[in-house]
Number of protein chains: 2
Amino acid sequence: MSIIFSRKCEYGIQAVLLLTVEEEGGGVHSAEEIAGRLKIPKEFVSKILQELAVNGIIYSKKGKSGGFSLAKSPKELKLLDVVLAIDGPEMFNRCVLGFPNCSDKSPCPVHHKWSQLITQTFEMLSDETIDQFKQKTLNKIESIK
Amino acid sequence: MSIIFSRKCEYGIQAVLLLTVEEEGGGVHSAEEIAGRLKIPKEFVSKILQELAVNGIIYSKKGKSGGFSLAKSPKELKLLDVVLAIDGPEMFNRCVLGFPNCSDKSPCPVHHKWSQLITQTFEMLSDETIDQFKQKTLNKIESIK
DNA sequence: ACATAATCAGATTATTTTATCTGATTAAAC
DNA sequence: GTTTAATCAGATAAAATAATCTGATTATGT
């Protein structure tokens, strides 16, 4: 199957969005809660949350009533940063068409269009993004009940 | 690592581009030649070429002096078709952000932007694409000598 | 202090993707 | 007709990704 992002990255983005939505009240959320609400494996998302914490995207608090919370304000946060934190820069070095040495200076046929889109799409965590995610999440929770 | 396309798909696109570049003379090219020129595994690309043949993207000729050639004129060919032939439609059903039930009617925050780009980027096999690939391929061959 | 609930770290397993191998079939060239 | 060079089909192996397990550490709350 063609893949856009790795699962790891998808889960990471979703977790960050969830923390963003729940930011009011500086909410700390456990890995278990996050996994439950997103319906993704707890142990896996734990690892991802750890990586995000190491990279300063989120803050982690150990011990009882510990958990994770946003380290930056949503306004400063880029989805791009999340991708970079989890999967590193390789994605942006790897050519969509698999051309060797594809770069800004020596672009493959779709290089420019592609990198432009990636940047535009993930540059900012827009209010629209957050709002829509909030709706989706709520819907998901509703559908469980 | 984040991935845009699977290797399978990358190789398939490259193979089709190569056949397009070499189309003049209705050229038939063996899997071995294609693998050699693109510097990708022969057995793997053979499988991919078979799938492309089954899906009518390319034509395959068995036996001695057999091989593969384009089944459509480059003007009719879409890179999108190649992707669909190799990896199926799942890529376009799967949400970039991993949202369940993401679709045109119930889009995730980046759904519209994303599908627009995908379509635009791969809709047509443009002259520009072919020309650039020709240069790349020639460069690659030069660098081997 | 102690029980509890969480992160964290490392090892292991499962699944998927990528790549390779073997042999059968096909058709052209001699 | 025989040799040869190719596709084709199915099985297998290797590598990468995804998921799980186990236990240690940490800090909170009682």
Side-chain angles (χ1 to χ4, degrees), chain A residues 1-15 19 26-71 83 86-88 90-91 94 98, chain B residues 1-15 19 26-71 83 86-88 90-91 94 98:
Chain A
M1 176 173 57
S2 289
I3 292 174
I4 300 291
F5 286 115
S6 63
R7 279 274 151 78
K8 230 172 138 185
C9 205
E10 275 182 12
Y11 293 165
I13 291 173
Q14 290 182 57
L19 289 179
V28 174
H29 300 268
S30 72
E32 185 163 19
E33 187 204 340
I34 293 169
R37 293 188 63 181
L38 297 175
K39 294 200 269 188
I40 59 186
K42 177 193 161 191
E43 287 86 1
F44 198 24
V45 86
S46 292
K47 287 255 183 278
I48 297 164
L49 289 165
Q50 282 172 41
E51 289 184 50
L52 289 172
V54 168
N55 285 277
I57 309 283
I58 62 179
Y59 178 74
S60 86
K61 188 186 172 191
K62 295 182 187 176
K64 186 165 179 177
S65 79
F68 301 89
S69 55
L70 271 196
V83 177
I86 295 175
D87 284 339
E90 287 182 68
M91 160 173 189
R94 180 171 174 186
Chain B
M1 175 173 58
S2 288
I3 292 176
I4 299 291
F5 285 116
S6 63
R7 279 275 150 77
K8 230 173 137 184
C9 205
E10 276 182 12
Y11 293 165
I13 291 173
Q14 290 182 58
L19 288 178
V28 174
H29 299 269
S30 72
E32 184 162 22
E33 188 204 339
I34 293 169
R37 293 188 63 181
L38 297 175
K39 294 201 268 187
I40 59 185
K42 177 192 161 190
E43 287 85 1
F44 198 25
V45 86
S46 292
K47 289 253 182 275
I48 296 165
L49 289 164
Q50 281 172 41
E51 289 184 49
L52 289 171
V54 168
N55 285 277
I57 309 282
I58 61 179
Y59 178 74
S60 86
K61 188 184 172 193
K62 295 181 187 176
K64 186 165 182 176
S65 79
F68 301 89
S69 55
L70 273 194
V83 177
I86 294 175
D87 284 338
E90 287 182 68
M91 158 171 192
R94 180 171 174 185

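- Nucleotide D/dT20 holds its C1' atom 15 Å from the CD atom of A/Glu32, rounded to whole Å.
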Notebook entry, point to check: Should A/Ile34 and A/Leu19 be marked as a side-chain contact (heavy atoms from CB on, under 4.5 Å) after you check the CA-CA gap, both sets of side-chain angles, and the distance that decides it?
Noted result: CA-CA 9 Å; A/Ile34 293 169; A/Leu19 289 179; 4.2 Å; yes

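- The distance from atom CG of B/Asp87 to atom C1' of C/dT16 is 13 Å, rounded to the nearest whole Å.
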Check: residues 57-64 of chain A side-chain donor-acceptor pairs under 3.5 Å, at least two apart:
none

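- When rounded to the nearest whole Å, the span between CD of A/Glu33 and P of C/dA5 equals 15 Å.
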Notebook entry, point to check: Can you check side-chain contact (heavy atoms from CB on, under 4.5 Å) on B/Phe5 and B/Val83, steps first, answer last?
Noted result: CA-CA 9 Å; B/Phe5 285 116; B/Val83 177; 3.8 Å; yes

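- In terms of position along DNA chain D, the nucleotide closest to B/Gly66 lies nearer the 5' end than the nucleotide closest to the other residue of the pair B/Gly66 and A/Glu43.
- Atom CG of A/Leu70 sits about 10.0 Å away from atom CG of A/Leu52, to the nearest 0.5 Å.
- Put simply, CD1 on B/Ile40 is 11 Å from P on C/dT20, counting in whole angstrom units.
- Nearest heavy-atom pair across B/Ala15 and B/Leu49 is CB-CD2, 4.1 Å.
- Residues B/Gly56 and B/Ala71 share a closest heavy-atom pair of O-CB, 3.5 Å.
- At a non-hydrogen distance threshold of 4.0 Å, nothing from residues 48-60 of chain B comes into contact with DNA chain C.
- Take B/Glu51 and apply the salt bridge (charged side-chain N to carboxylate O under 4.0 Å, His left out) test, not counting sequence neighbours, and it matches B/Lys8.
- We find the CD-CZ distance between B/Gln14 and B/Arg37 to be 12.5 Å, quoted to the nearest 0.5 Å.
- Using a 4.0 Å cut-off, some side-chain N or O of A/Tyr11 falls inside it from OP1 or OP2 of D/dA19.
- Annotation for A/Ser6 and A/Asp87: closest pair OG-OD2, 2.9 Å, computed over non-hydrogen atoms.
- Taking every heavy atom of both residues into account, A/Ala35 and A/Lys42 meet most closely at CB-CA, 3.5 Å.
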Notebook entry, point to check: When every nucleotide of nucleotides 23-30 of chain C is labelled 5' to 3' by its protein contacts under 4.0 Å (heavy atoms), B for base, S for sugar-phosphate only, - for none, what sequence of letters results?
Noted result: ---BBB--

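- Distance, B/Phe5 CZ to C/dT16 C1': 19 Å, rounded to whole Å.
- In this structure, CD of A/Gln14 is placed 13 Å from P of D/dA18, rounded to the nearest angstrom.
- Mapping A/Phe68 and A/Lys47 onto DNA chain C by nearest heavy atom places A/Phe68 at the nucleotide closer to the 5' end.
- Taking atom CZ of residue A/Arg7 and atom P of nucleotide D/dA18, one finds them 7 Å apart after rounding to whole Å.
- Within the helix from C/dA1-D/dT30 to C/dC30-D/dG1, the inter-axis angle between the opening and closing five-pair segments is 0°, rounded to 10°.
- Between the C1' atom of C/dA19 and the NZ atom of B/Lys39 lies a distance of 19 Å, rounded to the nearest Å.
- Pairing each heavy atom of A/Ile48 with each of A/Gly12, the nearest pair is CG2-CA, 3.7 Å.
- Closest to the side chain of A/Ala31, out of C/dT7, D/dA18, C/dT18, is C/dT7.
- Residues passing the ring pair (Phe, Tyr, Trp, His ring centres under 6.0 Å) test with A/Phe68, sequence neighbours excluded: none.
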